[in-house]
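These notes concern the structure reproduced below.
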Amino acid sequence: MLWLLLAVPLLVLLYVWLQGRRRKLAVRYASLALVREAAGKGPGWRRHLPPLLMLLAFTAMLLAAARPVAVISLPSQQQTVMLAIDVSASMRATDVKPNRMVAAQEAAKSFIAELPRHVRVGIVAFAGSAQVAQLPTQSREELIRAIDGFQMQRGTATGNGIVVSLATLFPNSGIDMSAMGARDRTGPRAAPLERAGEPPPAAPPPPVAPGSYSSAAIVMLTDGQRTTGVDPLEAAQLAADRGVRVFTVGVGTREGDTIGFEGWSMRVRLDEDTLKAVATKTQAEYFYAGTAADLKKVYDMLSSRLAVEKRETEISALFALAAAVLALLAATLSMWWFHRVA
């Protein structure tokens, strides 16, 4: 349809030709007064403005017919956000004040409060294993209670947090950690997600483009390296095959910290490389939060991004509206100045 724009310069040439013809006809009059009347009264530019506006209106109509698209910010269609939060013992570290766990809880509450009310939020808590702390709901009160009820445990199964979040989003899609090589570093397999007596899960759906599923997203917060469970990159591939983006948030200092728990101590260090790889594989982003203030800023940024998203949208209606406005303005000026639509 854009080829029709070639008609625009032709219309300009036609208008110039008509103006020249008009002047040639005007000089045939014997009376100078008649010549002036034929040339029109007032400033000469007024004669040309309405036709120019009509030309612009015609151009806008042609562009509308071509059905143009643009990337613009629109309210998000995202209906569900899964928060996968690390509750391992390393979250006791105090390099993020008052400690990583409290900072994560407060930031998560702020994040939930900033999301639009129509967005459902689910919570998965993971340490040595992962479990659903709260099924997706619009009740902010239930979500706050789930966050306040976190109990810290040993181990860090970051991959399990992603897989359980996916299994919550797609309960009948055949997601099974026991079939993913989910062995921890001491040998035993993670327990499968299905329960005895339930029908077998359906076959997994065919893979889609990473990041293409706009109805849900996962936000995973962790402060350490994986010590058990599913490989997080394998879990990220599972999310990518379903089009689900996994935003990762690393909390704690990059230098790490030494923490003690029930008579033992260990050095915990943030595995940024893996978290970045998970986000990249799923077409999402990685965020680093070294302080409680940083963590809150990250969650505030995420809530705004999940509430509004950029999408490729057809904008033909805008060009059609512009064409109508320009045509109406041209007709109005012509009637006002010359008492006719010229």
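Predicted model only: the values in this text are computed from it and were never measured. Residue indices begin at 1 and follow the sequence shown.
- Considering T274, D271, T156 in turn, T156 is the only one that fulfils the side-chain contact (heavy atoms from CB on, under 4.5 Å) rule with T222.
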For residues 316-324, run the donor-acceptor check on the side chains, cut-off 3.5 Å, and write out each pair with its distance to 0.1 Å, sequence neighbours left out.
from: S316; atom 1: OG; to: A64; atom 2: O; distance (Å): 3.4
from: S316; atom 1: OG; to: E314; atom 2: OE2; distance (Å): 2.8

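- Residues R140 and V121 are in side-chain contact: their nearest non-hydrogen atoms beyond the backbone lie under 4.5 Å apart.
- The backbone N or O of A330 sits nowhere less than 3.5 Å from a side-chain atom of S334 that would complete a donor-acceptor pair.
- Judged purely by atom type and a 3.5 angstrom limit, Y299 has no side-chain atom pairing as donor or acceptor with the backbone of E114.
- In terms of the ring-ring contact (aromatic ring centres under 6.0 Å, His included) criterion, F58 has no residue partners (sequence neighbours excluded).
- Residues forming a side chain to side chain contact (heavy atoms under 4.5 Å, CB included) with L326 (at least two apart in sequence, or on another chain): L53, L56, A57.
- T228 approaches A127 most closely through the heavy-atom pair CG2-O, 4.5 Å.
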Please report the C-alpha distance between E234 and I162 in whole Å, then the side-chain angles of each, then the deciding distance to 0.1 Å, and finally whether the side chain to side chain contact (heavy atoms under 4.5 Å, CB included) criterion is met. CA-CA 10 Å; E234 187 179 355; I162 298 173; over 6 Å; no
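- Using a 4.5 Å heavy-atom threshold, the side chains of V246 and T248 count as touching.
- When hydrophobic residues (I, L, V, M, F, W, Y) are linked wherever their side-chain heavy atoms come within less than 4.5 Å, I144 remains an isolated member.
- Shown here is R67, whose CZ atom has no more than 12 heavy atoms of other residues, nucleotides or ligands within 6.0 Å.
- Taking the side chain to side chain donor-acceptor pair (under 3.5 Å) definition, one finds that D273 meets it with nothing, sequence neighbours left out.
- The closest side-chain heavy-atom distance from M91 to D86 is below 4.5 Å.
- Residues V102 and V298 are members of separate hydrophobic clusters, defined by side-chain heavy-atom contacts under 4.5 angstrom among Ile, Leu, Val, Met, Phe, Trp and Tyr.
- A donor-acceptor distance shorter than 3.5 angstrom exists from the side chain of Q138 to the backbone of H118, with no hydrogens or angles considered.
- Using a 4.5 Å heavy-atom cutoff, the side chains of T137 and L143 are in contact.
- One distance of note links CD1 of I112 with CD of Q134; it measures 9.5 Å at 0.5 Å rounding.
- The ring of F170 has its center closer than 6.0 angstrom to the ring center of Y213.
- To the nearest 0.5 angstrom, T80 atom OG1 is 11.0 Å from L135 atom CG.
- Across all non-hydrogen atoms, the minimal contact from A235 to G159 is CB-O, 3.5 Å.
- Here the OG atom belonging to S212 is positioned 10.0 Å from the CZ atom belonging to R245, to the nearest 0.5 angstrom.
- For the atom pair Q79 CD and S214 OG, the distance stands at 9.0 Å (nearest 0.5 Å).
- The nearest pair of heavy atoms linking G250 to Y286 is N-CE1, 3.6 Å.
- No donor-acceptor pair closer than 3.5 Å links the side chain of Q225 to the backbone N or O of L270.
- The structure places CD1 of I147 at 12.5 Å from CD of E142, a figure rounded to the nearest 0.5 Å.
- The nearest pair of heavy atoms linking A103 to V96 is CB-CG1, 3.6 Å.
- Taking 4.0 Å as the cut-off between side-chain N and carboxylate O, K109 and D148 count as a salt-bridged pair.
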Could you walk me through whether V164 and V132 pass side chain to side chain contact (heavy atoms under 4.5 Å, CB included), step by step? CA-CA 7 Å; V164 173; V132 178; 3.8 Å; yes
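- Note: L275 CG to E285 CD = 14.0 Å, rounded to the nearest 0.5 Å.
- The main-chain N or O of G229 is found under 3.5 Å from a side-chain atom of R226 such that the two form a donor-acceptor pair.
- A donor-acceptor pair is defined here as one N or O able to donate and one able to accept, closer than 3.5 Å; no such pair exists between the side chain of T94 and the backbone of K97.
- Contact check for M220 versus V249: no side-chain heavy atoms found under the 4.5 Å cut-off.
- Linking ILVMFWY side-chain heavy atoms closer than 4.5 Å, directly or via other members, places M152 and F150 in a single hydrophobic cluster.
- Between R145 and E141 the shortest side-chain heavy-atom distance falls below 4.5 Å.
- Residues F111 and L302 form a side-chain contact, since some pair of their non-hydrogen atoms from C-beta on lies under 4.5 Å apart.
- Across every non-hydrogen atom of A216 and L169, the tightest pair is CB-CD2, 3.8 Å.
- The shortest side-chain heavy-atom distance between V124 and M82 falls under the 4.5 Å cut-off.
- Linking Ile, Leu, Val, Met, Phe, Trp and Tyr whenever their side-chain heavy atoms come within less than 4.5 Å puts Y288 and I218 in one cluster.
- For the side chain to side chain contact (heavy atoms under 4.5 Å, CB included) test, residues two or more places apart in sequence or in another chain that qualify with A240 are P210, Q237, K281, T282.
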Could you walk me through whether S90 and S88 satisfy the side-chain hydrogen bond (donor to acceptor under 3.5 Å, both in side chains) test, starting with their C-alpha distance in whole Å, then the side-chain angles of each, then the deciding distance to 0.1 Å, before giving a yes or no? CA-CA 5 Å; S90 59; S88 60; 2.9 Å; yes
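- Of all non-hydrogen atoms in D223 and V251, the two that sit nearest each other are CB-O, 3.2 Å.
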